[in-house]
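Let me begin by presenting the structure, written as structure tokens, before commenting on it.
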Amino acid sequence: MIVSSVFSPSAPLDCACLSQCVQEIRERFPFVQTERVGRSLLGRPILVLSVGGTHAPVLIAAAFHGMEWITGWIALRFFADLCLAMERDDPVCGIPARDFLREHGVFVLPCANPDGVEIQIHGPASAGRFSPLVERVDGGDPSRWQANARGVDLNHNFDANWLRLRRMEREAGINGPSPTQFGGRFPESEPESACLAAFCRRRGFLRAAALHTQGWEIYYRYGRHTPPESAEIARRMAEAGHCTLGDPQGLASMGGFKDWFIDCFRRPGFTLELGEGRNPLPLSDAPQIYRRTQPMLLEFLRG
């Protein structure tokens with residue numbers, strides 16, 4: 001195994017495990033670039049790994065929700081496979097990897113919500129000064145936690161019809177911090193969503209993909225600014241991964257990262273709902289999920 005902890009995950013991807021994996025990848029592939037794009041509410045680093053040029057950069061981001069840490073493993077495995085392909089000059093999207101990555105930059109953010117992941121895996125004590133809040137609102141079951149340490153769902157905290165979403169949340173009885181679906185006090189109120197949005201504005205990504213679980217479904221539409229080329233890319237991704245194309249409903253239909261990316265940049269953005277079952281999906285599902293996800297992400301790179 002090239003990067004054993006990535007190729008054969010043996011534990012949930014908490015912050016310590018993620019840090020170890022990033023270090024192993026850097027040591028094994030010295031051409032990899034790493035960047036801390038921000039910190040979580042509790043000061044945990046939000047890291048990005050990148051490989052390739054800067055002419056046509058794309059972004060893959062994972063673990064927006066605490067329960068969905070398995071998507072971080074998928075993102076890291078894909079990144080490590082790309083690095084191995086570059087080292088060997090194996091084909092990527094039909095051309096030698098070094099030629100492809102000379103023109104295309106691939107950026108991977110494996111954990112957008114490190115505090116939420118820690119809470120889901122290790123419980124309220126990992127929320128530091130916010131542990132009383134987590135204990136108050138988690139219903140006695142932190143294993144179902146999706147939000148950040150302040151009880152804000154990061155995938156409801158982006159400026160994409162946020163005011164309408166906030167009204168819908170109130171109508172659903174969500175009026176404050178919650179394990180899921182509370183969009184915060186204003187768009188980008190949370191350091192995690194704010195730093196990701198700032199990173200996208202700074203880098204000017206041509207496409208972005210957000211990895212979530214579950215359902216084997218791809219979302220690519222958001223309002224009138226959905227680029228016309230998005231449908232064809234999504235169709236190829238769905239065909240490669242044996243997925244369906246769809247549209248999120250209700251509280252999931254706005255305020256998310258993919259929605260904001262499309263609305264802000266008018267470039268293709270995608271949500272990939274991976275796996276099947278009940279969140280959090282078990283670690284044992286990771287190999288099967290990756291086998292279906294890798295060809296989808298290659299189509300995403302192809303654009």
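Along the sequence shown, residues are numbered consecutively beginning with 1. Quantities reported herein were computed from a predicted structural model and do not represent experimental measurements.
Residues meeting the side-chain hydrogen bond (donor to acceptor under 3.5 Å, both in side chains) test with N161, sequence neighbours left out: none. With sequence neighbours left out, the salt bridge (Lys or Arg N to Asp or Glu O under 4.0 Å) criterion links E299 to R236, R302. With sequence neighbours left out, the side-chain hydrogen bond (donor to acceptor under 3.5 Å, both in side chains) criterion links Q294 to D81, Y290. A search for side chain to side chain contact (heavy atoms under 4.5 Å, CB included) contacts involving N148 returns L41, N113, R150, V152, L154, E190, E192, not counting sequence neighbours. Partners of E188 under the side-chain hydrogen bond (donor to acceptor under 3.5 Å, both in side chains) rule, at least two apart in sequence or in another chain, are R201.
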Decide yes or no on salt bridge (Lys or Arg N to Asp or Glu O under 4.0 Å) for E239 and R235, but give the supporting numbers first. CA-CA 6 Å; E239 184 176 295; R235 184 197 64 77; 3.2 Å; yes
ring-ring contact (aromatic ring centres under 6.0 Å, His included) between F205 and F199, worked out: CA-CA 9 Å; F205 295 109; F199 180 56; 5.4 Å; yes
Given the rule in the salt bridge (Lys or Arg N to Asp or Glu O under 4.0 Å) test, do E169 and R164 qualify, once you have shown the distances and angles that lead to the verdict? CA-CA 9 Å; E169 290 171 353; R164 182 182 174 195; over 6 Å; no
Kindly determine whether N155 and H65 satisfy side-chain hydrogen bond (donor to acceptor under 3.5 Å, both in side chains), including the steps that lead there. CA-CA 8 Å; N155 213 42; H65 290 142; 5.0 Å; no
Evaluate H212 against E273 for side-chain hydrogen bond (donor to acceptor under 3.5 Å, both in side chains), listing each step before the verdict. CA-CA 5 Å; H212 288 262; E273 295 283 356; 4.8 Å; no
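Annotation: side chain of L59 is in contact with side chain of C200 (closest heavy-atom distance under 4.5 Å). In this structure the side chain of L109 never reaches within 4.5 angstrom of the side chain of L47, judged on heavy atoms. The shortest side-chain heavy-atom distance between I60 and F78 falls under the 4.5 Å cut-off. Proximity of Y219 to K258: side-chain heavy atoms (C-beta onward) are separated by under 4.5 Å at one or more points.
Follow the hydrophobic side-chain contacts under 4.5 Å out from L206 and you never reach I95; the two are in separate clusters. Linking Ile, Leu, Val, Met, Phe, Trp and Tyr residues whenever their side-chain heavy atoms come within less than 4.5 Å places L13 and L297 in a single cluster.
For the atom pair CD (Q181) and CG (D153), the distance works out to 7.0 Å, reported to the nearest 0.5 Å. Here the CD atom belonging to Q23 is positioned 8.5 Å from the OG1 atom belonging to T34, to the nearest 0.5 angstrom.
Sorted by first and then second residue, the salt bridge (charged side-chain N to carboxylate O under 4.0 Å, His left out) pairs involving residues 124-149 (not counting sequence neighbours) form an empty list.
Between F257 and F158, the two ring planes are perpendicular [angle over 60°; tilted spans 30° to 60°]. Between F261 and F265, the two ring planes are tilted [angle within 30° to 60°].
Looking at E87, M86, R88 one by one, the single match for side chain to side chain contact (heavy atoms under 4.5 Å, CB included) with D90 turns out to be R88.
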